[in-house]
2 protein chains.
Amino acid sequence: MSYEDSGKTTTPPRMADVAKLAGVSKMTVSRVLAGRDVSQRTQKLVHEAIETLGYLPDASAGTLATGRSEFIVALVPSLASSNFADTVRGLNDAVSGHGLCLLLGDTDYHLEQEALLVRTLLRHRPVGVMLTGSAHLDETRRLLRQAQVPVVETWDIPDDPIEQSVGFSNVAAAAALYEHLHQQGYRRIGYIGGASVLDHRGQQRQQGYLQAVAAAGAQPRVMEYGESPITMSHGGESVKRLLEKWPDTEAVMCVSDLSAFGAIMECHRQGRRVPGDVAIAGFGDFEVSRYCTPTITTVSVDPYRIGRRAGELLVASAAAQRLGLPRAQTCDVVEFQIMAREST
Amino acid sequence: MSYEDSGKTTTPPRMADVAKLAGVSKMTVSRVLAGRDVSQRTQKLVHEAIETLGYLPDASAGTLATGRSEFIVALVPSLASSNFADTVRGLNDAVSGHGLCLLLGDTDYHLEQEALLVRTLLRHRPVGVMLTGSAHLDETRRLLRQAQVPVVETWDIPDDPIEQSVGFSNVAAAAALYEHLHQQGYRRIGYIGGASVLDHRGQQRQQGYLQAVAAAGAQPRVMEYGESPITMSHGGESVKRLLEKWPDTEAVMCVSDLSAFGAIMECHRQGRRVPGDVAIAGFGDFEVSRYCTPTITTVSVDPYRIGRRAGELLVASAAAQRLGLPRAQTCDVVEFQIMAREST
DNA sequence: AAAAGCGATGTTACCGGTAACATCGAGACA
DNA sequence: TGTCTCGATGTTACCGGTAACATCGCTTTT
């Protein structure tokens, strides 16, 4: 055990300590840290003092004095979904280069939890907030509006945007997938998704399916089962139930690639060939869909890019706000793409 | 657009505003928020004022005044790995109930980046820090020691612990998997992992393999390929190379389930049966391993639990520190378990 | 040579809370 | 009735930085 560990409670060094050691005023130390005009000689003295003492400036004090923090808030429905983890990663990559760091919140798919997190995290006066989805409580909107903080909604195209957004239409994407299957000749097409109305994106995909079914003049076959986040086991159970209820189903669309994979494995267990007996498509273009057998037809959406773009917008908005400029109102639509693979 | 949006830059309300509206002093407002003894009538007045103004206390000011923040820092090598995302989720679940929130950092498997993040994030005076792994730069250790902040290292059992730890021996786990395969009768056992020395856990698993090989008096067959985080495609390529170099290999251990899955799919493409022609085992018990065909033999480790436990330890340490008590020095060993499945 | 300009540094006040101590009024008690 | 006690509330100072302005010495301008 080293010396510092021995129970002594020494106060960590402050800027005043650095100033005293360097023989200058606090303000000069502050200027050196901010990279403002200070003579070479003084800079060197101050840096040496900082090094000697192991000084780390206190962020709270800085934030309080300037009214500006270094936080970006990121709220996701669940970190257990690699989709959202990737989005957070993209966001982080976009903002960390600007000296910003991430305050992470997990809403667990509950809007009340989202509102609570917004309330809690806004107390840190973040310079930007990334939300997932476009469904929010009025309270959430009110809090964000009052805080006058730049906001980006992701993973959707909001009807009533708070400010900016980066996403795609889950309705349109699901409908496009249906049409792709229809073009391939499939007619009796089912859908499996979660039973929770809280998963707004899941609900929208289902809605896209229903719209496409209606447009094709067909009958819907929807099997709702399991709570979000949807896993492989949900997919297996769902496809079993769906095929029991509608045995002549030719193709199944799934709310995510994970459930599609689970569904395919269940079909294999039941001796059904995919796509020979039943075709199965997913959503999200997860890694597994590119490497499993059969490879899975899916909708590709690049979650990392969504997060990255959201981060760029927030950085830009924060800069604009600092300069007193009006903030942009971008609605950034990211492309989705139907990936036709072996499973359909 | 509502009134607040109309370009006017109104300052958000402060505690002084609340106090004035309620007809009391700032201190009384502060007491109400802290839930200290204030008369019912005054409490009601204050709460109404808070509600009316939409007041949100400023966390920086509070932190500065009390010297206590509400942050827990979480550093992971990569959020792209669901393992670490799950650990972060567990950590979040453990600490969010105590009013703490997560400051997230992604080290990208680089110790220099870790040190930089520690330096940056310590400026926010977190009440606890969760690190991944036991390999850290001296600078990282020095910074953490000087900050006197509770630290938990995860995913390993450190030889030289900074303070506390929650994890398991990656060496022992890999060796145990080797022995399991050996008991099943496999003799010519290979190993595939990443080529990057930065992935310390991967290196340790390889070391465990090498130790077990030596103990069994066999010859090692190691194929290193790809940068961390290791993906399915790395597994496919690796197994191809390994089987080209040592065609009579009977079994292959993989650094992760993802590479194991990729390896199995590659074998199928080559017309090799798994486990008939070659057995393949993974590491981590990812969801895919339980649902794919064949199901994958692996080492199960529960990343969520590691994070959760780390969070509990940090909360306890933070509480102890606040009361001036000595902090515990727990080295928490979480169980790993060999999951024998169809692939071996 | 006096005034003006300018770079480098110091001084003061303030950001928005909270700890610690002061104060005040009402009921208890002698 | 006067003093003591105690709960409720107010006052003051301070946490650790930074903005804004003041100051100082030296060079430039006329």
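Just so you know, these numbers use all the heavy atoms, side chains as well, and skip hydrogens, waters and symmetry mates. Labels below follow one simple rule: chain letters A, B, ... track the order of the sequence lines, proteins then strands, and each chain is numbered from 1.
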Hey, does B:Ser25 reach any base, or is it just sugar-phosphate, or nothing, if we go heavy atoms under 4.0 Å?
base
Return yes if some donor-acceptor pair links the side-chain N/O of B:Thr87 with the main-chain N/O of B:Asn83 below 3.5 Å, else return no.
yes
For atom CG of A:Leu33 and atom P of D:dA19, their distance in whole Å:
12 Å
If you measure only the distance, is there a donor-acceptor pair under 3.5 Å linking the side chains of B:Gln164 and B:Thr330?
yes
Are A:Arg125 and B:Asp58 close enough, and set up right, to give a salt bridge (Lys or Arg N to Asp or Glu O under 4.0 Å), and what steps lead you there?
CA-CA 7 Å; A:Arg125 310 282 182 254; B:Asp58 185 303; 3.3 Å; yes
Atom-to-atom span, CZ of A:Arg68 to P of D:dA19 - whole angstrom
7 Å
Verify, without hydrogens or angle tests, whether B:Asp17 (side chain) and B:Arg14 (backbone) share a donor-acceptor contact under 3.5 angstrom.
yes
Can you figure out which of C:dG17, C:dC21, D:dG16 approaches the side chain of B:Arg14 most closely?
C:dG17
For atom CZ of B:Arg36 and atom P of C:dG17, their distance in whole Å:
15 Å
N/O (side chain, B:Thr28) to phosphate O (OP1/OP2, D:dG10) under 4.0 Å
yes
In whole angstroms, the gap separating C1' of C:dT9 from CG of A:Leu45 amounts to 13 Å
At under 4.0 Å, does any side-chain N or O of B:Ser30 touch on OP1 or OP2 of C:dT18?
yes
Any chance the rings of B:His124 and A:Phe71 have centres within less than 6.0 Å?
yes
B:Leu64 has its side chain closest, among C:dG17, C:dC15, D:dC15, to D:dC15
Side chain of A:Tyr55 - closest among D:dT9, D:dG17, C:dA19:
D:dG17
Taking the minimum atom-to-atom distance to the side chain of A:Met27, which one of D:dG16, D:dA20, C:dG17 wins?
D:dA20
Under a 3.5 Å cutoff, is there a donor and acceptor pairing between the side chains of A:Thr63 and A:Ser60?
no
Comparing B:Ser39 and B:Ala65 on DNA chain D - which has the more 5′ nearest nucleotide
B:Ser39
From CZ of B:Arg31 across to C1' of C:dA22 the rounded distance in Å is 11 Å
Which one, C:dG17, C:dA19, C:dA8, comes nearest to the side chain of B:Ala61?
C:dG17
Presence of A:Thr63 side-chain N/O under 4.0 Å of D:dG17 phosphate oxygens OP1/OP2
no
In whole angstrom, what separates B:Asp58's CG from C:dG17's P?
6 Å
Compare the minimum distances between each of C:dG17, D:dG16, C:dT9 and the side chain of B:Met15, then state the nucleotide with the smallest one.
C:dG17
Atom NE2 of A:His124 and atom C1' of C:dG16 are separated, to the nearest Å, by 14 Å
Check: A:Lys26 side chain, D:dG17 base, donor-acceptor under 3.5 Å
yes
Remember a base hit wins even if backbone is also touched, and classify A:Thr42 as base, sugar-phosphate or nothing at under 4.0 Å, heavy atoms.
sugar-phosphate
Pick the closest DNA chain D nucleotide for B:Gly23 and for A:Thr66 by heavy atoms, then say which residue is nearer the 5' end.
B:Gly23
